[in-house]
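The structure appears right after this line, and notes come after that.
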Amino acid sequence: MKEDSNLTEPIGQNLIKVISNVCFSVFVFAVLIVTVIAITYQPPDPWLESSPALTKLFTQFHNATFQNDNSVLKTGEDLPDFGIAETPAVAPAVMPITEAVIEEKEERVTNMSLKSDCDLAGPVNCSDPRVLIAVERFNLRFFKAIVFLEYQTPVRGSAPNECDVSWRFRNKKEKSWRKYRDFRRFRIGVGENCTYRVTGANGWHSGVNARRQRSRGNATRSGGGIGRIAPPVRDEEINDTIPLLGSEMTFRKGKYLYYSRGGDYCKGMNHFLWSFLCGLGEAQYLNRTFVMDLSICLAATYNPSNKDEEGKDFRYYFDFEHLKEVASIVEEGEFLRDWKKWDHSRKRKVPVRKVATYKVTPMQLSKDRSTIIWRQFDAPEPENYWYRVCEGQAAKYIQRPWHALWKSKRLMNIVTEISGRMDWDFDAVHVVRGEKAQNKELWPHLDSDTSPDALLAKLKEMVHPWRNLYIATNEPFYNYFDKLRSQYKVHLLDDYKELWGNTSDWYNETRLLNRGRPVEFDGYMRVAVDTEVLYRAKTRVETFYNLTKDCKDGINTC
Ligand SMILES: *[C@@H]1O[C@H](CO)[C@@H](O)[C@H](O)[C@H]1NC(C)=O
Ligand SMILES: *[C@@H]1O[C@H](CO)[C@@H](O)[C@H](O)[C@H]1NC(C)=O
Ligand SMILES: *[C@@H]1O[C@H](CO)[C@@H](O)[C@H](O)[C@H]1NC(C)=O
Ligand SMILES: *[C@@H]1O[C@H](CO)[C@@H](O)[C@H](O)[C@H]1NC(C)=O
Ligand SMILES: *[C@@H]1O[C@H](CO)[C@@H](O)[C@H](O)[C@H]1NC(C)=O
Ligand SMILES: *[C@@H]1O[C@H](CO)[C@@H](O)[C@H](O)[C@H]1NC(C)=O
Ligand SMILES: *[C@@H]1O[C@H](CO)[C@@H](O)[C@H](O)[C@H]1NC(C)=O
Ligand SMILES: *[C@@H]1O[C@H](CO)[C@@H](O)[C@H](O)[C@H]1NC(C)=O
Ligand SMILES: *[C@@H]1O[C@H](CO)[C@@H](O)[C@H](O)[C@H]1NC(C)=O
Ligand SMILES: *[C@@H]1O[C@H](CO)[C@@H](O)[C@H](O)[C@H]1NC(C)=O
């Protein structure tokens, strides 16, 4: 993982200020290691700790150096019993297809076809409802990890006894109700009593004839003709366009909370989220629309270039559509345009309350009727961090809306593709190496316990031979795990490069967000995908406590 860029350069060398060294592990499980003057500090698990405790932590350690475990990354959707149930906008609209549903359908079909002579010989009629019933039943038995939602009528495959079937599903491990699509090719045989049965099935996305044709646009292409490739399956369900404010009237009726860019810019992603959710939380507390800057500066540790990179779109990483649904937000550019328009067209300007310091609490602002409350973060670091607004007393009133934050559906499509290709039948091991493995003082055994030989020996106790084994890791050397290939079918993120390569949907779709320019698959995206695939494994082996007795947060912390 790209955090290892830290290995080659002293931490923070590229960062602008001393305090930039502060990295936050806010929701990563565990892990902030304060390496100041030999202090080892075990931070609270933010998902479990109260906000005052966290606030204390963050204020105490402003100028400390934090290192976090960037190799696992959690967002609202990964948290069991955390807020997800409160998001009615994404409640299931479609009933899952269960055995009971299939039986009922079968009964209906059988009643109808009793009169027919039940001659199933000859080419299979894929649109015969009995074919779909056979496929549904097969899928239900075979794919225990997913919930089947809707099937399309099967269509003919490449041979007379083949049918291509497409369906939508969701993953049981995912708390969100997002739906994904698969289409596979099935071989159909004749069963007993006037039924069909599935005699074979091909892999993920093999049923190309059932792939939904894109309706919009002109499919004709240069170089078309024979062997023309079916149009790509773009995820048409993503609608993360920037909402327009619309008329001046709507703008006038709104109440806004606007945060100027603060010292959080170009800090680690966890710092960004900790701050962003503070702002969003304040807006919710004040019943205001939060003005949101979708342009993110991704810190150097996640960038292959090892430099901070500006102009990253929030939507590369997070699900903006979901955010729009559950929170009141407006995009900064839209907002500023309307504000300016308003100020130009009227004598009386928009009422604005400027707030110069975070020391003005949200509670003090709750009575303010100004159209815009504008928090300016001009003070020197660390006085200019957004999250400071949520410190102290405010922490009692403001709740960070974690549930509003899901990972980008575009990244989740990659996750689904990887786990789908393994038919959701895989085990995974999380191998933390990188800086921690180098740091013998805090993790004396980690390096040796994650050496190829040690890994193999340990895994043999926990994972059956020749299983699919996905390795989520921050070890940058691809061949490091070769030894495991003698026992397992090893899968690494880089084996799936084409999913974000220049022929992928991801590439095309993110490019659209980036005014036609290609988007780099950066370290943060890698961690996001690695983490999610890891969570979908049947057996999950963790580095700490499974592979090594070293403590997650350094020596003597467990
Ligand atoms: C920052 O560091 C200095 C010197 O290391 C120390 O005196 C000071 O108390 C620290 N401040 C905080 C807020 O930790
Ligand atoms: C099928 O027919 C049986 C008897 O003919 C009847 O009891 C049953 O309700 C029917 N089922 C459906 C779904 O129509
Ligand atoms: C296939 O089955 C469908 C539905 O039962 C029926 O409408 C259609 O006529 C059948 N086609 C052929 C070629 O038998
Ligand atoms: C086929 O029908 C017979 C008689 O109705 C029944 O005994 C048998 O279990 C059925 N077979 C299947 C696979 O449903
Ligand atoms: C397809 O493209 C042709 C010419 O490029 C145009 O005349 C036609 O209207 C287009 N059809 C659709 C459905 O857009
Ligand atoms: C996308 O969502 C916006 C609201 O956020 C809506 O106005 C627009 O019509 C939607 N677009 C599509 C194609 O569904
Ligand atoms: C926000 O709205 C809720 C419900 O309408 C109300 O109870 C609460 O007092 C409002 N908060 C502020 C700060 O105006
Ligand atoms: C995609 O990348 C490959 C290798 O990096 C390059 O050879 C090819 O020209 C690229 N194709 C497009 C369409 O950019
Ligand atoms: C991506 O876009 C390019 C050009 O618009 C197109 O040729 C290519 O087929 C698209 N690929 C996918 C996977 O959508
Ligand atoms: C890993 O360790 C945890 C805690 O000791 C244990 O519950 C879990 O079963 C272990 N995982 C495996 C695959 O053995």
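The shortest side-chain heavy-atom distance between W500 and L493 falls under the 4.5 Å cut-off. Between L411 and V415 there is no side-chain heavy-atom pair separated by less than 4.5 Å. Looking at heavy atoms from C-beta onward, I555 lies in side-chain contact with P444 at the 4.5 angstrom threshold. Contact of the I238 side chain with the E509 side chain is registered, since non-hydrogen atoms from C-beta on lie closer than 4.5 Å. Inter-residue side-chain proximity for R400 and C278 is flagged as met; some heavy-atom pair is nearer than 4.5 Å. Side-chain contact between N384 and E381 is present, with at least one heavy-atom pair separated by less than 4.5 Å. Counting only heavy atoms from C-beta outward, the side chains of H344 and W342 never approach each other to under 4.5 Å.
A side-chain N or O of W339 and one of D343 form a donor-acceptor pair less than 3.5 Å apart. A donor atom on one side chain and an acceptor atom on the other are not found under 3.5 Å apart for E391 and Y387. No hydrogens or angles considered: a donor-acceptor pair under 3.5 Å links the side chains of N514 and Y316. Between the side chains of Y258 and E332, at least one donor-acceptor pair of N or O atoms lies under 3.5 Å. Side-chain atoms of D495 and Y478 form a donor-acceptor pair, as typed in the model, at a separation below 3.5 Å.
Closest approach of R288 and S370 over heavy atoms only: NH2-O, 2.7 Å. Scanning all heavy atoms of the two residues, the minimum distance from R337 to E334 falls at NH1-OE2, 3.1 Å. Across every non-hydrogen atom of F377 and G262, the tightest pair is CB-CA, 3.9 Å. Counting all heavy atoms, side chain and backbone alike, W443 lies closest to G554 at NE1-N, 3.3 Å. Shortest non-hydrogen contact noted between C266 and A299 is O-CB, 3.6 Å.
Atom OH of residue Y256 and atom OG of residue S328 lie 8.0 Å apart, to the nearest 0.5 angstrom.
T548 places no side-chain N or O within donor-acceptor distance of the main-chain N or O of D449, the cut-off being under 3.5 Å. Counting only distance, with no hydrogens or angles, the side chain of N474 and the backbone of R433 share a donor-acceptor pair below 3.5 Å. Counting only distance, with no hydrogens or angles, the side chain of E475 and the backbone of F477 share a donor-acceptor pair below 3.5 Å. A donor-acceptor pair under 3.5 Å is formed between the side chain of R388 and the backbone N or O of P382. Side-chain N or O atoms of R178 include none that pairs as donor or acceptor with a backbone N or O of R170 at under 3.5 Å. Within the 3.5 Å criterion, the main-chain N or O of A537 finds no donor-acceptor partner in the side chain of D427. Remark: side-chain polar atoms of Q364 are paired, donor with acceptor, to backbone N or O of T361 under 3.5 angstrom. Listed for the K267 side chain is a donor-acceptor partner under 3.5 Å among the backbone atoms of G263. With K324 contributing its side chain and T241 its backbone, the two residues share a donor-acceptor pair below 3.5 Å. In this structure, N303 contributes its side chain and S305 its backbone to no donor-acceptor pair below 3.5 Å.
Ring centroid separation for the pair F521 and W506 comes in under the 6.0 Å cut-off.
Ring geometry for Y470 against F426 counts as perpendicular: the plane angle is over 60°, on a 0 to 90° scale with 30° as the lower cut. Ring geometry for Y385 against H271 counts as perpendicular: the plane angle is over 60°, on a 0 to 90° scale with 30° as the lower cut. Using cut-offs of 30° and 60° on the angle between ring planes, the pair F276 and F290 is perpendicular. The aromatic rings of Y317 and Y524 sit perpendicular, their planes meeting at an angle over 60°, well past the 30° parallel limit.
By the 4.0 Å N-to-carboxylate-O rule, R375 lies close enough to E282 to be salt-bridged with it.
Applying the salt bridge (charged side-chain N to carboxylate O under 4.0 Å, His left out) test to pairs two or more places apart or on separate chains, those with a residue in residues 253-264 are R261-D293.
Taking the ring centre of Y180 as origin, the terminal cationic atom of K409 falls inside the region bounded by 6.0 Å and 45° from the ring axis.
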- request: Assess whether side-chain contact (heavy atoms from CB on, under 4.5 Å) is satisfied between L257 and T289, documenting all intermediate values.
  value: CA-CA 6 Å; L257 177 65; T289 298; over 6 Å; no
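Applying the side chain to side chain donor-acceptor pair (under 3.5 Å) test to Q393 and every residue at least two apart in sequence or in another chain returns K396.
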